[in-house]
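Notes follow the structure.
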Amino acid sequence: MRRARRKTRAGSSASTRNSRTRFTGGDIWVAFQPQYEIASGKLVGVEALARWTHPTRGPIPPDEFIVQAEKSQDIYRLTLFVMDQAIRSTAQLHARGFKIHMSVNLSATLLDHSDLVGTIRVMLTAHHLSPEWLTIEITETAQIENSRQARQTLAQLRRSGIRLSIDDYGTGQSNLEYLTEIEADEIKIDKRFVMTMRDSQRNFEVVKSTIDLAHRLGAIAVAEGIEDRETMTLLEGLGCDVGQGYHLGKPQLFSELSANLSTAPHSRTA
């Protein structure tokens with residue numbers, strides 16, 4: 001559930017209808033943005049992104065409706081809907097021979113739900129997907145520091161084989177202290193640094209140091225917000241592992257992603 005921009009074309013098939021849910025009026029649906037290994041250009045993953053199409057206002061920016069959901073009891077239901085759609089979609093891609101990872105955002109506020117891990121396990125079992133293909137991106141890190149349940153949930157997720165990612169690293173409450181709370185498999189560099197690294201030497205150094213830090217911790221570095229060839233080339237030179245952004249692929253319906261994988265080589269170059 002992230003800020004990336006959206007496509008809103010709705011389908012009429014049964015599968016499309018089943019991939020949507022109601023949320024305070026209008027449809028919630030899931031878009032998928034590809035992630036590529038920077039060195040090879042190989043498609044290695046997809047991020048599931050929640051989208052809301054209001055019946056009168058049209059598409060609502062994710063930043064707006066996610067905040068609204070977090071203030072109500074809807075955020076848990078919304079997250080589980082996106083999680084189930086993401087796991088289902090990954091299993092369908094694997095069945096067709098496309099072995100890629102799926103990333104899903106999870107607000108740290110939900111880590112206090114003692115049944116969260118069990119619920120995710122049930123979804124994985126139901127869709128016959130091994131847990132190592134699922135990556136959970138943790139946001140709003142301040143929620144974890146004073147919560148024993150949150151730390152226990154993170155440990156349970158890792159023991160289950162699910163990968164953990166620190167999202168939007170370098171902003172908000174994502175800091176060095178947080179790295180001691182989560183044994184992360186990946187660190188995602190916030191797009192605000194990536195999008196400006198060509199013009200700001202300070203932001204370039206932040207990106208570079210974060211990549212180095214990730215590797216020293218045994219994690220992979222993921223850059224989001226790649227919007228041009230030049231940025232991609234810089235990241236490759238810095239040894240960044242994985243990238244996503246409009247230069248590589250926009251968020252899209254699952255039917256579009258599936259069709260693109262079927263009709264074109266699933267790799268991109270800088």
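Keep in mind that this is a model prediction, so the values were computed, not measured. FYI, side chains are in, hydrogens and waters are out, and symmetry mates aren't considered; it's all heavy atoms of this structure.
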Please evaluate residues R51 and D27 with respect to the criterion side-chain contact (heavy atoms from CB on, under 4.5 Å), reporting the C-alpha separation (whole Å), side-chain torsions for both, the decisive distance (0.1 Å), and the verdict.
CA-CA 8 Å; R51 294 292 180 264; D27 284 340; over 6 Å; no
Look at the rings of H101 and W133 and say which category their plane angle falls in: under 30° parallel, 30 to 60° tilted, over 60° perpendicular.
tilted
Would you say the side chain of I100 lies within less than 4.5 Å of the side chain of V44, judging by non-hydrogen atoms?
no
Using the rule given for side-chain contact (heavy atoms from CB on, under 4.5 Å), can you reason through E227 versus T231, listing the C-alpha separation, both sets of side-chain angles and the distance that settles it, and then say yes or no?
CA-CA 7 Å; E227 299 203 349; T231 300; over 6 Å; no
Heavy-atom distance under 4.5 Å between the side chains of S160 and V117, does that happen here?
yes
Minimum-distance pair of heavy atoms, taken over all atoms of E224 and D168
OE2-OD1, 3.0 Å
Can you name the nearest heavy-atom pair linking W52 to I28, along with the distance?
CB-CD1, 3.5 Å
Please check this pair: side chain of S40 against backbone of K42, looking for a donor-acceptor N/O pair closer than 3.5 Å.
yes
Looking only at the side chains, is there a donor atom on one of Q33 and Q252 sitting less than 3.5 Å from an acceptor on the other?
no
Could you tell me whether the side chain of V104 reaches within less than 4.5 Å of the side chain of T135, counting heavy atoms only?
no
Kindly indicate, with the supporting measurements, whether the criterion side-chain contact (heavy atoms from CB on, under 4.5 Å) is fulfilled by H247 and R229.
CA-CA 7 Å; H247 174 65; R229 182 187 302 271; 4.0 Å; yes
Taking the side chain from N203 and the backbone from F193, do they hold a donor-acceptor pair closer than 3.5 Å?
no
Taking every non-hydrogen atom, the tightest pair across R192 and T196:
O-OG1, 2.7 Å
Expected output: side-chain S209 to main-chain V206 donor-acceptor under 3.5 Å
yes
Residue among I187, D190, N105 satisfying side chain to side chain contact (heavy atoms under 4.5 Å, CB included) with D167:
N105
Heavy-atom closest contact (L235 atom, A223 atom, distance):
CD1-CB, 3.7 Å
Backbone of L253 reached by a side-chain donor or acceptor of E256 within 3.5 Å:
yes
Scanning both residues in full, the closest heavy-atom pair of G243 with I226 reads CA-CD1, 3.6 Å
Kindly indicate whether the side chain of I38, heavy atoms from C-beta on, has any atom under 4.5 Å from the side chain of D241.
no
Have S89 and Q92 got a donor and an acceptor in their side chains that come within less than 3.5 Å?
no
Pairwise side-chain contact, F204 with D199, heavy-atom cut-off 4.5 Å (strictly under):
no
Which heavy-atom pair separates F32 from F254 by the least distance, and what is that distance?
CE1-CB, 3.6 Å
Derivation and outcome, side-chain contact (heavy atoms from CB on, under 4.5 Å), residues I120 and L134:
CA-CA 10 Å; I120 295 175; L134 176 64; 3.9 Å; yes
Does the distance from a Lys or Arg side-chain N to an Asp or Glu carboxylate O, for E137 and R163, drop under 4.0 Å?
no
Would Q201 and E205 count as having a side-chain donor-acceptor pair, cut-off 3.5 Å?
yes
Does the pair D228/R198 count as a salt bridge with the N-to-O cut at 4.0 Å?
yes
For E183, does the CD atom sit with more than 12 other heavy atoms under 6.0 Å from it, leaving out its own atoms?
no
Taking NZ, NE, NH1 and NH2 as the nitrogens, is one of them in R216 or D212 under 4.0 Å from a carboxylate oxygen of the other?
no
Is the count of non-hydrogen atoms from other residues, nucleotides or ligands lying under 6.0 Å from R96 atom CZ greater than 12?
yes
I'd like to check T153 versus L110 (side-chain heavy atoms, cut-off strictly below 4.5 Å). Are they in contact?
no
